[in-house]
Protein chains: 2
Amino acid sequence: MNISEPKKPRGRPSAFNYDEALQKALMVFWSRGYEGASMAELTEAMGINRPSIYAAYGNKEELFCKALEKYMVGPTAYVAAAMREPTARQVVEAFLTKSAEFLADENTPRGCMIAIGSLFSGADADQVKQALIAYRRGYETALKERFDLAKSQNDLHKSVNTADLAKYVATVHQGMSVQATGDATKEELLAVVHQALKNWPT
Amino acid sequence: MNISEPKKPRGRPSAFNYDEALQKALMVFWSRGYEGASMAELTEAMGINRPSIYAAYGNKEELFCKALEKYMVGPTAYVAAAMREPTARQVVEAFLTKSAEFLADENTPRGCMIAIGSLFSGADADQVKQALIAYRRGYETALKERFDLAKSQNDLHKSVNTADLAKYVATVHQGMSVQATGDATKEELLAVVHQALKNWPT
DNA sequence: CATATTATTTACCGTACGGTACATAATTAA
DNA sequence: TTAATTATGTACCGTACGGTAAATAATATG
C-alpha cells in the first residue's frame with residue numbers, strides 16, 4: 001500500500017488537462033484584461049464547456065486568480081532571477097532589460113498582466129483589482145528588500161531611500177507596460193531602460 | 001441684422017446644458033475607463049435620458065471622444081503650461097511634479113484618462129484605444145519637440161536623443177498613472193519624480 | 001450485473017449591455 | 001390657430017454577459 005500511489009478517481013475522468021486549459025485561459029486574460037475577457041472567449045480558448053470550467057476552477061474571478069498564479073511562476077520568472085544578480089544596479093538592469101524584451105515579445109500578449117490587467121474596478125471585479133494591487137506591491141517590496149540587502153553590503157549608499165527607489169523602478173516598469181500596449185518596440189523600451197539607468201545611485 | 005446674433009432655434013429647447021452634461025460624462029469615463037463606464041451610469045450622471053445623449057453627442061464612442069477633448073483643454077492644461085518653462089529640465093520637472101499632484105488629487109478620479117483610459121480593446125472599442133494611443137504619442141511628440149528646441153538653444157547637449165528622452169518622460173508619467181490607480185499617495189509619486197529627475201542629462 | 005460517483009453536454013436563467021422607435025411636449029414661424 | 005420643428009420620456013429591441021439546472025455519459029467499486 002504505497003502512500004505515494006495516486007488513488008484512481010471514482011467517477012468519469014476529465015477530458016481536459018487542468019494546467020493546459022488554465023494556460024489557455026491565462027493567454028486570454030493576458031491579452032484582453034480581466035473585464036475584456038469573456039467567458040465565451042475563455043471556453044473557446046480552453047476547449048471545454050462552461051460548466052466544466054466552473055466545476056474545475058470556480059467562477060471567473062477565481063479562474064483569473066489561478067491564471068495569475070501560473071503567470072507568476074511562468075512568464076514572470078525572470079523577475080525572481082533578476083533579484084539574484086550580485087549588485088543592486090545589476091538587479092535593476094536585469095529586471096528592466098528583461099522586462100523590455102518580455103513586454104514587447106511578439107510571441108506573447110503585449111504588456112504585463114499584473115501591471116495593467118485591471119486598473120478600473122466595476123464594483124464586482126474589485127477583488128481582482130485589489131489582488132493585482134497586492135501583487136504589484138509585492139514585487140515592489142521585493143525590490144526594496146533587495147535594495148536593503150545591497151545597503152547592508154555597502155553596495156548602495158546609506159543615504160539611499162530604498163522604498164522610493166523601488167517605487168521608481170516599479171513605476172518605470174508599469175509605464176513600459178502601458179507603452180507596450182501601444183506601438184512601442186523592444187528597441188524603444190530598451191532606450192527607456194537605458195535612460196532610467198543613467199546616474200544610478202552608488 | 002447683426003450677423004453675430006444667434007438665431008433662435010425652431011423646435012423645443014434643450015432642457016440641459018451641453019457642456020455641463022459632457023463634463024459629467026467626462027468624470028464617469030475618467031473614473032471608470034471607457035469599457036467600464038456604462039450608458040446607465042452615464043445617463044444618471046449626466047441627468048438626461050438616453051435618446052437625448054445619442055441625439056446630442058452620437059454613440060458611446062463619440063461621447064467618449066468629445067469628453068476626451070474636454071479633458072485635453074481642461075484638466076490637462078497644466079501640460080501645455082509646463083512646456084513653456086524656460087529650460088528642458090524645468091519643463092520636465094514642472095510636467096512630472098504637476099502630474100504627481102494631478103494624478104493623486106483627491107478631488108478628481110485617480111490616474112490619467114489618456115494614459116490608462118482603455119489599454120485593451122474589445123474589438124469594438126478599437127477606435128477608442130487607437131485614439132488614446134494617438135493622444136499619448138501626441139504629448140510625447142510635444143516633449144520631443146520641446147527638447148529639440150532646447151538643443152538648438154544649447155540647453156540640452158547635442159548628443160542627447162530627444163525622442164528617447166521624451167519617451168522616457170512619457171513612460172514615467174504613464175507608470176505614475178498606474179501607481180495612482182492603486183494606493184500611491186501624492187508624496188510617493190513626488191518621490192518617484194525626484195528619483196526620475198536625478199539622472200537628467202546636461 | 002447494479003450502484004455510486006464524477007464529468008460532460010445541452011439548454012437555459014436573469015440581468016445588463018448599447019442602441020432605438022415612437023408617441024408626446026414645447027417651442028417658432030406663418 | 002395651425003403647421004413645422006426639435007427635444008423629451010417611455011418603453012422596448014436584439015445581443016451578450018456571467019452563471020447554473022438537469023439530463024446524460026463514463027468510470028470505479030461491490
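Naming convention: chains lettered A, B, ... in sequence-line order (proteins, then strands); numbering from 1 in each chain.
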Heavy-atom side-chain proximity of B:M83 to B:L143 below 4.5 angstrom: yes
Gap between atoms CZ and P, on A:F64 and D:dG19 respectively (whole Å): 14 Å
Value in whole Å for how far the P atom of D:dT8 lies from OH of B:Y18: 13 Å
Between P of C:dT8 and CG of A:N17, the distance in whole Å: 12 Å
N or O in side chain of B:S52 less than 4.0 angstrom from D:dA7 OP1/OP2: no
Comparing B:P13 and B:Y54 on DNA chain C - which has the more 5′ nearest nucleotide: B:Y54
From C:dT8, D:dA7, C:dG18, nucleotide with atom closest to A:A15 side chain: C:dT8
Integer-rounded Å distance: C:dC17 P and B:Y34 OH: 13 Å
OP1 or OP2 of D:dC17 under 4.0 Å from side-chain N/O of A:S38: yes
Contact under 4.0 Å: B:N49 side-chain N or O vs D:dG9 OP1/OP2: yes
Mutual orientation of the aromatic rings belonging to A:F29 and A:Y34 [parallel < 30°, tilted 30-60°, perpendicular > 60°]: parallel
Distance, rounded to the nearest Å, where B:R50 contributes CZ and C:dA16 contributes P: 12 Å
Distance-only donor-acceptor test (3.5 Å): side chain B:R12, base C:dA25: yes
Whichever of B:A40 and B:R10 has its nearest DNA chain C nucleotide further upstream toward 5': B:A40
Whole-Å gap separating P (C:dT6) and CD1 (A:I53): 21 Å
Atom pair distance, as rounded to whole Å: CZ in A:R32 and P in D:dC17: 10 Å
Rounded distance (Å) that lies between atom C1' of D:dT15 and atom NZ of B:K60: 15 Å
Option passing side-chain hydrogen bond (donor to acceptor under 3.5 Å, both in side chains) with A:S118 (candidates A:E35, A:Q130, A:K129): A:E35
Heavy-atom closest contact (A:R136 atom, B:T181 atom, distance): NH2-OG1, 4.0 Å
Residue A:P51, side-chain atoms from C-beta onward, closest of C:dT8, D:dT8, C:dT10: C:dT10
Beyond-backbone contact of A:L22 with A:K66, side-chain heavy atoms, under 4.5 angstrom: yes
